[in-house]
Amino acid sequence: MTRNDRTPTSTQPLPPLFAPSGVRLDATDLKILRLLQTGARASIQDIARRIELSHSGTLHRLRRLEESGAVLRYMAELDASIFEAWPVTWIDLALTRSPAARRERFEQAIAEAPEVMEAIEIIGEFDLSLRAALRQAADWPVLRAALDPQAEFIDRARIRPVARIVKRAVPHPLLVGDPR
């Protein structure tokens with residue numbers, strides 16, 4: 001058994017998956033998504049052969065996945081080593097208890113900040129975790145001022161520069177099993 005043939009360790013069945021439009025994704029859709037995550041440049045003929053579906057059926061499925069919002073875009077995964085001069089930093093934020101209407105402004109600033117690669121809401125000591133491309137941890141005050149110019153949202157922050165990526169799960173761990 002190879003690494004990619006492993007199944008999840010949980011014995012619980014996986015919950016159904018839905019595209020953003022509400023379309024339920026079936027086993028064939030998941031096979032296509034897994035193939036796209038591991039090689040988006042594969043031809044429709046190659047994908048069709050690997051999932052044992054006709055060319056036209058596969059093309060129909062791909063269009064459906066795109067239109068439903070399950071597939072947002074096709075892109076290349078770049079080797080992180082080319083960005084060594086601009087390392088990734090995780091920034092955990094504890095936020096003040098601002099009204100939701102004003103918090104939208106803060107989240108919009110996060111969405112528009114080119115340095116912020118990802119922002120996730122978390123539970124626990126901190127409220128948000130940002131993955132940001134900062135040249136050095138000392139660049140955090142500049143980003144903080146851009147995100148929260150009136151100092152009304154960020155209570156405190158913990159900066160965690162990334163030394164190296166040990167593992168990146170591609171495809172998504174729920175898309176296990178080899179589609180052939």
Which of these, Asp46, Leu30, Thr58, sits in a side-chain contact (heavy atoms from CB on, under 4.5 Å) with Ile51? Thr58
Spacing of [atom1] belonging to [X] relative to [atom2] belonging to [Y], to within rounding of 0.5 Å:
| X | Y | atom1 | atom2 | value |
| --- | --- | --- | --- | --- |
| His55 | Ile44 | NE2 | CD1 | 4.5 Å |
| Ile110 | Arg103 | CD1 | CZ | 7.5 Å |
| Arg144 | Phe153 | CZ | CZ | 12.5 Å |
| Arg50 | Lys31 | CZ | NZ | 11.5 Å |
| Leu36 | Tyr74 | CG | OH | 5.0 Å |
| Ile47 | Leu53 | CD1 | CG | 11.0 Å |

Strictly by modelled atom types, are Glu112 and Gln108 linked by a side-chain donor-acceptor pair under 3.5 Å?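 Yes, because at least one side-chain N or O of Glu112 sits under 3.5 Å from a partner of the opposite role on Gln108.
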Donor on one side chain, acceptor on other, Ser129 and Asp92, under 3.5 Å: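 The answer is yes; a qualifying pair exists.
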Any ion pair linking Asp29 and Arg64 (charged N to carboxylate O, less than 4.0 Å)? yes
For [Y], is there any backbone N or O sitting under 3.5 Å from a side-chain donor or acceptor partner on [X]?
| X | Y | value |
| --- | --- | --- |
| Thr89 | Pro161 | no |
| Asp148 | Ile154 | yes |
| Asp127 | Leu95 | yes |
| Thr96 | Glu152 | yes |

Quiz item: cation-pi between Arg156 and Phe126, 6.0 Å / 45°: yes
Looking at every heavy atom in both Leu25 and Ala19, which two are closest together, and how far apart are they?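 Closest heavy-atom pair between Leu25 and Ala19: CG-N, 4.0 Å.
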For Arg131 and Trp90, work out which heavy atoms get closest and say how close. CD-CZ2, 3.5 Å
Tell me whether [X] shares a hydrophobic cluster with [Y], the cluster being built from Ile, Leu, Val, Met, Phe, Trp, Tyr side chains joined at under 4.5 Å.
| X | Y | value |
| --- | --- | --- |
| Leu33 | Leu72 | no |
| Leu147 | Ile159 | yes |
| Met75 | Met117 | no |

If you count every heavy atom of other residues, nucleotides or ligands that lies below 6.0 Å from Arg63 atom CZ, does the total exceed 12?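 Incorrect, the count does not exceed 12.
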Taking side chain as C-beta onward, heavy atoms only, is Phe18 less than 4.5 Å from Val23? no
Side chains of Thr28 and Glu52 in contact at under 4.5 Å (non-hydrogen atoms): no
In sequence, state the C-alpha distance, the side-chain angles, and the governing distance for Leu134 and Ile91, and then conclude on side-chain contact (heavy atoms from CB on, under 4.5 Å). CA-CA 10 Å; Leu134 300 178; Ile91 305 163; 3.9 Å; yes
